[in-house]
Amino acid sequence: QLFASHHFHQARMEDIAELAEVGKGTLYRYFKDKEELYMALLGRVAEEWTERMCVAAEVPGCRAKLEAIVAAVIDFCDENPHVIDLIQHAEVMQGPDAELPSQRMRRENFRLVESIFEEARRSGEFHIADPGLAARLLLGGLRPILCCGTKPRSPDLARRIVDMLLEGAARPVCKSRLHSSERPA
């Protein structure tokens, strides 16, 4: 919570110890400094997030796997409301070339979704023309929903997100239904 709501240098070990309800010395027993603690926290978040996605991917059916993954991400982020800010702060602070647990997690999650798209193609369930792009659209598109979406979340949100990805958000407009003033020239 502290790292997500403050700049890294503003979060003091004293404040972290107070929130964790331990002595400052206890923190230094386990972590040599604040950066090591921060990276351990980021690693734990990445591990828990990835574990949830892998468990979600065990359901039968590719469409069901995608829905379960989307629901798992939404649930994880709703249960850990500071996690997105934590990851974003770490990536900004460390720079684009740093190898952070969150970046490894993101790559693993993209590969997981891409493998589901490949499984769907092989089974004939559905076909995604560009699995890499579609995986990034699906997972990357969740951030604004998580950050700006309404709460409580609709129980069918994961299904609707997957429907939009697989079926498209736009539907062709029947020209006969357009009013004469709306018809293209």
Side-chain angles (χ1 to χ4, degrees), residues 1-5 38-172:
Q1 178 183 358
L2 243 170
F3 284 126
S5 61
Y38 190 82
M39 289 301 141
L41 176 62
L42 198 59
R44 190 181 92 207
V45 163
E47 186 177 298
E48 288 176 19
W49 186 319
T50 299
E51 183 179 320
R52 288 227 195 155
M53 292 204 37
C54 290
V55 167
E58 292 176 4
V59 301
C62 297
R63 185 184 205 103
K65 286 181 198 308
L66 294 174
E67 288 179 23
I69 284 172
V70 169
V73 170
I74 292 169
D75 290 346
F76 183 78
C77 291
D78 283 351
E79 292 165 14
N80 301 280
H82 303 288
V83 75
I84 292 176
D85 290 332
L86 179 73
I87 291 169
Q88 183 176 335
H89 285 186
E91 292 176 355
V92 167
M93 182 178 75
Q94 296 294 322
D97 297 329
E99 183 59 27
L100 298 171
S102 56
Q103 293 164 323
R104 287 188 298 275
M105 171 197 74
R106 189 177 294 118
R107 285 192 303 271
E108 288 173 23
N109 293 340
F110 287 147
R111 280 192 292 270
L112 175 63
V113 172
E114 287 175 35
S115 73
I116 294 167
F117 292 152
E118 178 59 27
E119 179 185 339
R121 185 193 59 74
R122 283 192 313 269
S123 71
E125 190 173 340
F126 57 82
H127 177 73
I128 298 292
D130 188 339
L133 179 60
R136 281 153 184 77
L137 285 170
L138 177 64
L139 296 176
L142 292 177
R143 185 169 187 264
I145 293 167
L146 295 165
C147 295
C148 307
T150 58
K151 290 184 184 179
R153 310 257 188 231
S154 169
D156 68 340
L157 181 59
R159 181 193 53 77
R160 290 179 19 236
I161 290 168
V162 171
D163 284 351
M164 287 192 110
L165 176 77
L166 297 179
E167 298 169 15
R171 298 282 183 246

A side-chain contact here means heavy atoms from C-beta on lying under 4.5 Å apart; do Arg153 and Lys151 qualify?
yes
Quick check for you: to the nearest 0.5 Å, what is the distance between Phe126 atom CZ and Leu165 atom CG?
8.0 Å
Nearest-0.5 Å distance, OG of residue Ser154 to CZ of residue Arg159
8.0 Å
Test side chain to side chain contact (heavy atoms under 4.5 Å, CB included) on Val45 and Ser102; report intermediate values, then the result.
CA-CA 8 Å; Val45 163; Ser102 56; over 6 Å; no
Going by heavy atoms in the side chains, are Arg44 and Glu47 under 4.5 Å from each other?
no
Do Glu125 side-chain atoms and Arg63 backbone N/O form a donor-acceptor pair below 3.5 Å?
yes
Test Asn80 against Leu86 for side chain to side chain contact (heavy atoms under 4.5 Å, CB included), laying out the working first.
CA-CA 10 Å; Asn80 301 280; Leu86 179 73; over 6 Å; no
Kindly indicate whether the side chain of Glu48, heavy atoms from C-beta on, has any atom under 4.5 Å from the side chain of Glu79.
no
Just distance, no hydrogens or angles: give the donor-acceptor pairs under 3.5 Å from side chains in residues 131-143, sequence neighbours left out.
from: Arg136; atom 1: NH1; to: Glu114; atom 2: OE2; distance (Å): 3.0
from: Arg136; atom 1: NH1; to: Gly132; atom 2: O; distance (Å): 3.0
from: Arg143; atom 1: NH2; to: Gln88; atom 2: OE1; distance (Å): 2.2

Within 6.0 Å of CD in Glu118, more than 12 heavy atoms from elsewhere:
yes
Residues, nucleotides or ligands: over 12 heavy atoms within 6.0 Å of Glu119 CD
yes
Indicate yes or no: at least one non-hydrogen side-chain atom of Leu157 is less than 4.5 angstrom from one of Ile145.
yes
Where do Ala46 and Pro101 come nearest, in terms of heavy atoms and distance?
CB-O, 3.6 Å
Atom pair CG (Leu41) and CE (Met39), whose distance is rounded to the nearest 0.5 Å
9.5 Å
Rounded at 0.5 Å granularity, tell me how far CG in Leu166 sits from CZ in Phe117.
6.5 Å
If I take atom CD1 from residue Ile116 and atom CZ from residue Arg121, how far apart are they, to the nearest 0.5 angstrom?
15.0 Å
Could you walk me through whether Ile69 and Leu112 pass the side chain to side chain contact (heavy atoms under 4.5 Å, CB included) check?
CA-CA 10 Å; Ile69 284 172; Leu112 175 63; 3.9 Å; yes
Is Arg52 paired with Asp75 through a side-chain N to carboxylate O contact shorter than 4.0 Å?
no
So how far is it from Ile87 CD1 to Leu42 CG, rounded to the nearest 0.5 Å?
6.0 Å
May I ask you to test the Trp49-Asn109 pair for a side-chain heavy-atom distance under 4.5 Å?
yes
